[in-house]
Protein chains: 4
Amino acid sequence: MDKRQHILEVATKLFSERGFEKTPLSAVCEAANVSKGLIFHHFKNKNNLLREIFKSTTELIVQINESKTNQLSGKERLLELIDSFFLQLEVDKLFFQLNLNVILQPTTREILNDLIEERSSFIMKSVRRIFNEIDLENSLVKSYLFIAELDGIALNYLGIFEDYPLHEIKEELIKKYN
Amino acid sequence: MDKRQHILEVATKLFSERGFEKTPLSAVCEAANVSKGLIFHHFKNKNNLLREIFKSTTELIVQINESKTNQLSGKERLLELIDSFFLQLEVDKLFFQLNLNVILQPTTREILNDLIEERSSFIMKSVRRIFNEIDLENSLVKSYLFIAELDGIALNYLGIFEDYPLHEIKEELIKKYN
Amino acid sequence: MDKRQHILEVATKLFSERGFEKTPLSAVCEAANVSKGLIFHHFKNKNNLLREIFKSTTELIVQINESKTNQLSGKERLLELIDSFFLQLEVDKLFFQLNLNVILQPTTREILNDLIEERSSFIMKSVRRIFNEIDLENSLVKSYLFIAELDGIALNYLGIFEDYPLHEIKEELIKKYN
Amino acid sequence: MDKRQHILEVATKLFSERGFEKTPLSAVCEAANVSKGLIFHHFKNKNNLLREIFKSTTELIVQINESKTNQLSGKERLLELIDSFFLQLEVDKLFFQLNLNVILQPTTREILNDLIEERSSFIMKSVRRIFNEIDLENSLVKSYLFIAELDGIALNYLGIFEDYPLHEIKEELIKKYN
DNA sequence: CATGAATGAGCCTTCATTCAT
DNA sequence: GATGAATGAAGGCTCATTCAT
């Protein structure tokens with residue numbers, strides 16, 4: 001088994017649950033059953049481990065977007081995007097937790113600055129391409145607003161409201177964009 | 001001058017800028033020009049200082065909402081709300097920074113659990129009252145979606161996109177809800 | 001009500017329960033419902049408060065010993081002493097707890113040095129007087145041994161053995177010295 | 001050289017001299033010439049360091065008792081026990097100092113609760129075995145009383161009387177139990 | 001690749017004490 | 001007599017990081 005990969009996975013889980021700053025490397029060691037030295041051997045330092053994690057989640061996002069068959073129309077792809085977003089949000093809450101977390105935290109934000117920019121410009125481009133097809137007028141602002149809606153939903157679902165009516169909201173969103 | 005209040009203000013500023021976890025009390029002391037002991041004298045511990053800060057920002061939110069003249073129609077009040085939201089977002093970025101931050105961070109989230117719940121239920125009630133007046137059908141979900149939009153905009157503006165076209169987005173939003 | 005006296009009593013209780021070093025003055029203040037300033041006003045500092053407590057318990061010991069009617073014979077007075085020792089031990093465990101505690105703790109020992117010496121020489125004199133009457137040969141060593149027995153019993157009863165058979169031990173002691 | 005062991009020894013010495021609560025870990029570090037971190041690496045925290053010390057002194061006690069050749073009669077073993085007790089008391093005053101200290105101090109007592117119980121039940125068993133051989137009647141109470149005498153002597157010698165006539169008392173004790 | 005002993009900087013917190021009122 | 005704001009020194013503990021093996 002690839003220990004490097006194993007560390008990566010365990011660290012992702014722990015960082016998501018407890019937050020990056022509040023997860024000591026010692027906790028990662030214990031959970032992954034490896035020595036402290038090995039983490040530094042593979043990742044150089046804690047910040048870099050976080051960067052590696054962030055990179056691999058970006059890759060995931062890219063893959064999902066690229067795999068989409070481009071046979072579909074713009075509206076169809078938009079609906080598919082909404083669908084996979086809500087699916088992912090339910091299946092892997094912690095994934096979003098971590099990502100929102102590190103972006104808002106000034107310290108981690110700094111560590112990941114370039115990677116965040118890279119990822120968000122990719123996402124923007126993807127969404128924009130869809131909106132360009134659907135509705136030429138004002139596609140930029142509408143793309144921004146669409147992304148804001150999704151992010152806001154994730155934020156509210158994860159951090160603010162209990163008993164968030166996720167499904168009703170999804171339905172409403174689909175109605176709106178159809 | 002009231003030193004307790006002074007500490008509160010200085011701490012709010014620093015926590016917003018650097019994040020709660022990454023702001024040592026020693027930094028607050030230095031900035032506020034008080035001894036460490038005094039903070040504990042007034043606030044018992046660091047967590048409690050955060051709670052006190054969160055409480056006072058909630059109070060601010062409540063005051064803003066209550067002060068609104070209720071002479072206006074639902075739609076007028078909604079537009080006013082949007083307006084004051086964008087105004088606040090520009091004027092006091094750090095205010096939002098801190099609030100999103102502590103909510104997403106698992107550790108601080110726990111510290112503030114009850115206060116967050118209290119505040120968000122207040123906000124929900126306020127928004128809901130407006131939407132009930134405008135459009136009876138599905139007002140709950142629409143309220144959720146509206147809050148998500150605003151939170152998402154703040155999130156994207158603060159943490160994700162550089163050169164965020166805040167004004168265009170505001171215009172688009174106003175168009176949409178008018 | 002005499003607040004000075006009240007502080008003295010509350011402090012005695014708390015020091016006994018938690019130990020002198022581990023009882024912050026703030027705890028005394030809270031329990032006695034007085035301000036910090038008042039304690040320093042009356043006792044100058046924490047060490048001195050301890051000295052005042054120790055003095056007053058010495059006075060108690062002296063009083064008990066002096067009050068004994070001197071009409072009795074040596075052996076009778078010895079038995080009476082044993083009796084009142086065991087009585088006191090059961091009634092006021094904390095009294096012994098505190099006294100043994102401060103004597104063994106190097107720091108507190110230093111604070112009370114002169115007072116401890118004073119008290120123990122008084123006790124020695126009292127016991128010696130009794131043993132002199134009973135048995136002239138080797139009364140000094142026997143006095144020491146007798147005191148050691150009592151102190152050892154207190155020590156074992158308080159700090160070491162659970163279910164200490166205090167009454168059987170008392171009987172055995174009486175048998176021995178009769 | 002084993003640094004863990006070295007820390008243990010240095011800490012034992014310092015805790016004995018100054019008391020556990022009044023010996024900062026920084027003092028141990030300085031005396032042992034190690035970093036603070038190392039203590040926590042090996043012992044997890046200060047309380048646990050104390051436990052480790054207490055455990056190792058218990059082991060010492062056990063070893064001394066077990067090594068005694070069981071060829072001897074009860075009375076011979078009792079005299080030998082007295083002898084080694086007084087020897088130890090003179091040679092290693094601090095050993096007793098620390099042990100009595102931690103038992104009487106409520107805070108440390110709590111930390112060591114289970115270990116104290118374990119040790120004292122071992123001692124009781126050892127003494128009892130001897131007294132059972134010598135004198136069948138009332139061996140339990142007599143064992144308790146014997147232990148009390150020794151503990152009381154240690155207490156008085158260490159903490160109360162200056163110029164304690166240790167040798168005469170030893171002689172008297174031997175006379176008594178012979 | 002892998003371990004874990006060792007470091008040191010920094011953090012939160014406690015607490016006796018002072019002093020103005 | 002009485003209060004409590006304010007201080008500052010000190011302590012226990014955490015944790016990223018280094019390095020010899």
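Chain letters run A, B, ... following the sequence lines, proteins first and then strands; every chain starts at 1.
Atom-to-atom, CZ of B:Phe43 to C1' of E:dC12 comes out at 16 Å; the value is rounded to the nearest Å. Rounded to whole Å, atom C1' of F:dG12 lies 15 Å from atom CD1 of D:Ile7. Rounded to whole Å, the distance from CD1 on B:Ile39 to C1' on E:dC11 is 13 Å. Taking atom CG of B:Leu50 as the reference point, atom C1' of E:dT13 lies 17 Å away to the nearest angstrom. The distance from atom CG of A:Leu38 to atom C1' of E:dA5 is 16 Å, rounded to the nearest whole Å. The CG-P distance, from B:Asn48 to E:dT13, rounds to 10 Å in whole Å. Distance, B:Lys3 NZ to E:dA20 P: 13 Å, rounded to whole Å.
Nucleotide E:dT21 is matched to F:dA2 when pairs are restricted to Watson-Crick or G-U wobble geometry with both distances under 3.5 angstrom.
More than 12 non-hydrogen atoms from other residues, nucleotides or ligands lie less than 6.0 angstrom from CD of B:Glu9. Environment of CD in C:Glu17: crowded, with over 12 heavy atoms of neighbouring residues, nucleotides or ligands closer than 6.0 Å.
Contact check for D:Leu38 versus D:His41: side-chain heavy atoms found under the 4.5 Å cut-off. Looking at heavy atoms from C-beta onward, D:Phe20 lies out of side-chain contact with D:Gln105 at the 4.5 angstrom threshold.
Contact annotation: B:His41 does not reach the phosphate of F:dA6 (side-chain N/O to OP1 or OP2, under 4.0 Å). At F:dA6, one or more side-chain N or O atoms of B:His42 fall inside 4.0 Å of OP1 or OP2 (strictly under the cut-off).
Using modelled atom types, one finds no donor on one side chain facing an acceptor on the other under 3.5 Å when comparing D:Gln63 with D:Glu59.
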Identify the pairs formed between an N or O of the protein and an N or O of nucleotides 14-17 of chain E at a distance under 3.5 Å, and give each distance.
{"unit_1": "E:dA16", "atom_1": "OP1", "unit_2": "C:Lys46", "atom_2": "NZ", "d": "2.9"}
{"unit_1": "E:dA16", "atom_1": "OP2", "unit_2": "C:Leu25", "atom_2": "N", "d": "2.8"}
{"unit_1": "E:dT17", "atom_1": "OP2", "unit_2": "C:Lys46", "atom_2": "N", "d": "3.0"}

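Among the nucleotides F:dT7, E:dC1, E:dA6, the one closest to any side-chain atom of B:Ser35 is F:dT7.
The backbone N or O of A:Ile111 sits less than 3.5 Å from a side-chain atom of A:Arg51, completing a donor-acceptor pair.
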